[in-house]
Structure formats: structure tokens, C-alpha cells
Amino acid sequence: MSVPVVAVDGPSGSGKGTISRLLARRAGWHLLDSGALYRVVALAGRHARLDQDDIAGHAGLASVMRVEFTVRDDGGERILLDGSDVTGEVRAETTGQGASRVAAWPAVRDALMQRQRDFARAPGLIADGRDMGTVVFPDAALKIFLTASAEERAKRRYNQLKDKDSAASLAALSREIAERLRPASDAFVVDSTGVTVEAVLERVIELGRARALWR
Ligand code: DC
């Protein structure tokens, strides 16, 4: 029997990262943070001193790099690249910009495809990222497309970024906000504008319950 996957897609600032993490914890399922994988590719490229525009080089690294996502004792995330802790670097704004560049290259997206699918292990997987329900797990048992008004997404992203090293943040922010993403045709669109995290989580848990994914 194949492992059930819940795909959580949506634009940045829609809360998909938060909801995915909480959902994985509640269900006791594995979590795939696909954005973190793109970030790690950009970082691996930097560590290997690749040229910023070296598509083949980055695609090669995407295939061979050793990545581990673990949890610290205090519950925080810990990301290892070839055995070294790169959590802080992965979350840096510059890495986000690098990730957005490498994520635009089909060769890198292809190289990460199987890696992402390998995260699907029993008892189930919560897959967070913009193409989870459309491309990586088209047969997902449940597809959620989280949205929020542009204003609310901008506000959330601004709050996430304001304490960081971000000169170019605002530009990146408005680019991301303007982006139009396509929900999978069989996705449930959940609007989180003005709704608490707990209420959004409950709604998603209810949708999964209706599909007998959990009790
Ligand atoms: O969500 P994030 O900031 O960690 O994502 C980093 C970058 O990777 C961002 O530019 C979006 C991109 N990305 C993608 O193209 N496909 C995914 N499945 C996840 C992220």
C-alpha cells in the first residue's frame, strides 16, 4: 500500500510552513519542507564556490548532496549538509534569494524530484511547497491550497523578515506577493485571512478526518 501524502501548497505568507509543521506533529507524520531543499542547493553551490549561474553544477549538487532534517532537543529545526549544521545559513535571506534563483532551473527541479518523493515514508507525509500537489505528489490523498489576502501575506512576511539581515527583502517580498500560483484542480482552498493558526489547523485536520487519513 502506498504511503499517504498531504500536499500543502500556497504562496509565501499563506502560513503553509507553520500549518505543515503543526500538522505533521499532530498526525505524527513525516514532514517535507521542499523550500528548505532549494535553499540547501543554493547553499551547497556557495560552499562549492560555484558560479551563480552554473545550472549544471547546481543540478549535480542537488543530486549528490547529503541533507538531513532533524529536530533539536528544544523542538527547533536542525538542518545538516554533508554532516555540518547549516540551519542558520539555510534560513538567511540571502539563501532565500539564491534558492529562488536555482528553483527557476528545470534541471535543479528534476534533480530534486526523486529526493522529495523519497520523503514519503510510513505512516505518512506532510509535503510543504508550491508544487507539491501539482507536480511532485499529483496523487496526494489530500491537497490543501492555503491562501490569505495579499495585504495579510505581506504583513506576515514583513514580520518574519524584519529582524533579519534583509536589505533586498522588500523587493523580494513584493515580487513573491505579486506571483500568481495555481492550486491543483482537486485542492481544497483554505483562506487564512483573519483566521487564527489553530482554526486553520483544525479545518485541515477536519478535511483529513473526512478522508479517513487520521482520527
Ligand atoms: O519557502 P521558501 O522561502 O523556503 O522557498 C525557497 C525558494 O524555493 C522560494 O523562492 C520558492 C522556491 N520553492 C519552489 O520553487 N518550489 C518548492 N516546492 C518550494 C520552494
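Just so you know, ligand 1 is whichever comes first in the structure, and atom 1 is the first atom listed for that ligand. Numbers here simply count residues along the sequence, with the first being 1. Here the structure is a predicted model, which is why all the values come from computation and not from measurement.
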Out of Ala99, Ala36, Gly35, the nearest non-hydrogen contact to atom 5 (O) of ligand 1 is supplied by Gly35

Looking just at side-chain N and O atoms, do Gln52 and His58 make a donor-acceptor pair shorter than 3.5 Å? no

Check whether any N or O atom of Gln116, backbone or side chain, sits under 3.5 Å from an N or O atom of ligand 1, and answer yes or no. no

Residue pair Arg115 / Val64: nearest heavy atoms and the distance that separates them: NH1-N, 4.1 Å

Do the side chains of Arg91 and Glu77 get close enough for a salt bridge, i.e. N-O under 4.0 angstrom? yes

Which atoms of ligand 1 have any heavy atom of Ser34 under 4.0 Å away? 17 (C), 18 (N), 19 (C)

Considering only heavy atoms of Arg39, which atoms of ligand 1 have at least one such atom less than 4.0 Å away? 2 (P), 3 (O), 4 (O), 6 (C)

N/O of Asp33 under 3.5 Å from N/O of ligand 1, yes or no? no

Taking only heavy atoms of Ala103, which atoms of ligand 1 are found under 4.0 Å from at least one of them? 12 (C), 15 (O)

Could you tell me, atom by atom, which parts of ligand 1 come under 4.0 Å of a heavy atom of Ser100? 10 (O)

Do we see a donor-acceptor contact under 3.5 Å between the side chains of Ser34 and Arg39? no

Mind checking whether Met132 has a heavy atom under 4.0 Å from ligand 1? yes

Which atoms form the tightest heavy-atom contact between Pro138 and Val135, and what is the distance? CD-O, 3.3 Å

Got a sec: does the CZ of Arg49 have more than 12 other heavy atoms crowding it under 6.0 Å? no

